[in-house]
Amino acid sequence: DMMSLFQARGTEIGGWTKFMSYLMHDLHTRGMKKKDIEACMHGIELAPEMKNALHYLAEKGCHMQIVSDANSVFISDILTKNDAHSFFSGIITNPAKYDEEERLHISPYHNADDVDDVAPHGCVRCPTNLCKGDVVKSILSSSSSSSSSPYNRVMYVGDGGGDFCPIVYLSSLPNIE
């Protein structure tokens with residue numbers, strides 16, 4: 001299975017994002033093309049409760065962004081299938097693109113040379129490819145310097161170890177419940 005392979009080869013390859021790019025290369029050599037990846041991603045349906053929550057938050061004027069350790073192609077395909085692009089003003093993730101042979105290439109959000117496995121963002125909590133804490137800081141600071149009013153409430157939803165850093169950052173801010 002994929003997790004066993006990652007545990008065996010992931011560190012050697014350079015972490016999750018580079019491992020996923022490696023897998024996309026391997027699948028491409030076995031004949032997988034863009035249409036196959038799209039079909040797989042289009043098979044992922046948002047739960048009705050999630051769709052209801054997105055509609056509700058949009059109606060209330062909430063500004064929603066995706067900060068994900070996945071990649072831009074997977075996220076875009078899933079949002080397209082679920083007609084959910086319009087809910088989000090931004091998607092911050094690892095960039096991905098197809099080449100002329102329809103092989104999917106995935107790159108780290110934070111550009112790294114992986115020298116001595118040092119994260120280019122300097123965060124010891126996060127993987128080298130993406131520090132969600134830095135991204136959340138950037139989102140909040142860009143809001144404060146814009147002409148519109150800064151956020152008066154932030155809700156962060158996460159489901160993995162990479163979500164610890166932004167939670168630590170947000171909990172350090174004043175007026176956070």
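Source: prediction; values computed, not measured.
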ask   = Got a donor-acceptor contact below 3.5 angstrom from the Asn94 side chain to the Tyr109 backbone?
value = yes
ask   = Around Phe164, counting heavy atoms of other residues, nucleotides and ligands shown, do more than 12 lie under 6.0 Å from its CZ?
value = no
inquiry  = Does Lys34, at its NZ atom, have more than 12 non-hydrogen atoms belonging to other residues, nucleotides or ligands within less than 6.0 Å?
reply    = no
ask   = What's the spacing between Ser138 OG and Ile92 CD1 if we round to 0.5 Å?
value = 8.0 Å
note = In this structure, OH of Tyr22 is separated from CD1 of Ile106 (nearest 0.5 Å) by 14.0 Å
request  = Quick one: pull up CD in Gln65 and CZ in Phe87 and give me the separation to the nearest 0.5 Å.
outcome  = 15.5 Å
inquiry  = How about CE on Met64, more than 12 heavy atoms from neighbouring residues, nucleotides or ligands closer than 6.0 Å, or not?
reply    = yes
key: Heavy-atom neighbours of Asp99 CG exceed 12 at 6.0 Å   = yes
inquiry  = Let me confirm one number: the NE2-CG distance from His28 to Leu23, rounded to the nearest 0.5 Å.
reply    = 14.5 Å
request  = For Asp134, enumerate each residue passing the side chain to side chain donor-acceptor pair (under 3.5 Å) test, keeping only those at least two apart in sequence or located in another chain.
outcome  = none
Euclidean distance, Glu38 CD relative to Leu104 CG, rounded to 0.5 Å = 10.5 Å
query = Asp69 pairs by side chain to side chain contact (heavy atoms under 4.5 Å, CB included) with which of Thr93, Thr17, Asp163?
reply = Thr17
message = Can a donor-acceptor pair be found, under 3.5 Å and without considering hydrogens, that links the side chain of His110 to the backbone of Cys131?
response = yes
inquiry  = Looking at Ser76, is its backbone amide N or carbonyl O close enough to the side chain of His85 to form a donor-acceptor pair, meaning the two atoms are under 3.5 Å apart?
reply    = yes
query = Is a donor on one side and an acceptor on the other found under 3.5 Å between the side chain of Asn82 and the backbone of Ile44?
reply = yes
query = Is Arg30 paired with Asp26 through a side-chain N to carboxylate O contact shorter than 4.0 Å?
reply = yes
inquiry  = Can a donor-acceptor pair be found, under 3.5 Å and without considering hydrogens, that links the side chain of Asp36 to the backbone of Lys33?
reply    = yes
